[in-house]
Amino acid sequence: MRITTKTAPNIEPVTKAEAKIHLRLATTAAEAAAYTTEDDLLNRLITVARIQTEQETGRAFMTQTKTRYLDKWPYENYIRIPYPPLQSAIVTYKL
């Protein structure tokens, strides 16, 4: 079994401004908007932190599309749904 991300979230759960204030790179929203030196690094760190936390908790924090591939039909005769909360599911299979 493997799970791949087909469509990643279009926003992150933490904004750059929130991260800058939390890291004390800025003290106000205006300072956070003006301070752009670390923006690329912060974008990557926010994304990596979300992905790592989703993997550790087994939950999805933002809307995204994932594809799960099974090698065979499960022994229990049901498919466990990873990364709740689930918004919708499409199941296809080949015999």
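Here the structure is a predicted model, which is why all the values come from computation and not from measurement.
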Of all residues at least two apart in sequence or in a different chain, which pass the side-chain hydrogen bond (donor to acceptor under 3.5 Å, both in side chains) check with [X]?
X   : value
D39 : K20
T57 : none
T53 : none

Could you pull out all donor-acceptor pairs under 3.5 Å where a side-chain atom in residues 65-77 meets a protein atom, sequence neighbours excluded?
{"unit_1": "K66", "atom_1": "NZ", "unit_2": "T5", "atom_2": "OG1", "d": "3.0"}
{"unit_1": "K66", "atom_1": "NZ", "unit_2": "Q64", "atom_2": "OE1", "d": "3.3"}
{"unit_1": "R68", "atom_1": "NH1", "unit_2": "R80", "atom_2": "O", "d": "2.0"}

Nearest atoms (heavy-atom pairs only) where [X] meets [Y]:
X   : Y   : result
I46 : T15 : CD1-O, 3.9 Å
T4  : R2  : CG2-NH1, 3.5 Å
G58 : P84 : O-CD, 3.1 Å

### Query
Does Q52 have any side-chain contact (heavy atoms from CB on, under 4.5 Å) partners at least two apart in sequence or in another chain, and if so, which?
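Q52 satisfies side-chain contact (heavy atoms from CB on, under 4.5 Å) with Q55, E56 once adjacent residues are dropped.
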Transitive ILVMFWY cluster of [X] at side-chain heavy atoms under 4.5 Å: who else is in it?
X   : result
I11 : F61, M62
Y83 : I3
L45 : L41

### Message
For the CD atom of E38 and the CG atom of D40, what is their distance to the nearest 0.5 Å?
### Response
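Atom-to-atom, E38:CD and D40:CG are 9.5 Å apart.
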### Shared hydrophobic cluster for I21 and Y35 (ILVMFWY, side-chain gaps under 4.5 Å)
no
#### Entry: L42 and L23, any side-chain heavy atoms less than 4.5 Å apart
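Yes - at least one pair of side-chain heavy atoms lies under 4.5 Å apart.
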Enumerate, atom names and distances included, each donor-acceptor pair closer than 3.5 Å involving a side-chain atom of residues 24-32, sequence neighbours excluded.
{"unit_1": "T27", "atom_1": "OG1", "unit_2": "E31", "atom_2": "OE1", "d": "3.0"}
{"unit_1": "T27", "atom_1": "OG1", "unit_2": "E31", "atom_2": "OE2", "d": "3.2"}
{"unit_1": "T28", "atom_1": "OG1", "unit_2": "E31", "atom_2": "N", "d": "3.1"}
{"unit_1": "E31", "atom_1": "OE1", "unit_2": "T27", "atom_2": "N", "d": "2.9"}

### Task
Scan residues 3-12 for pairs that pass salt bridge (charged side-chain N to carboxylate O under 4.0 Å, His left out), counting only residues two or more places apart or in two chains.
E12-R50
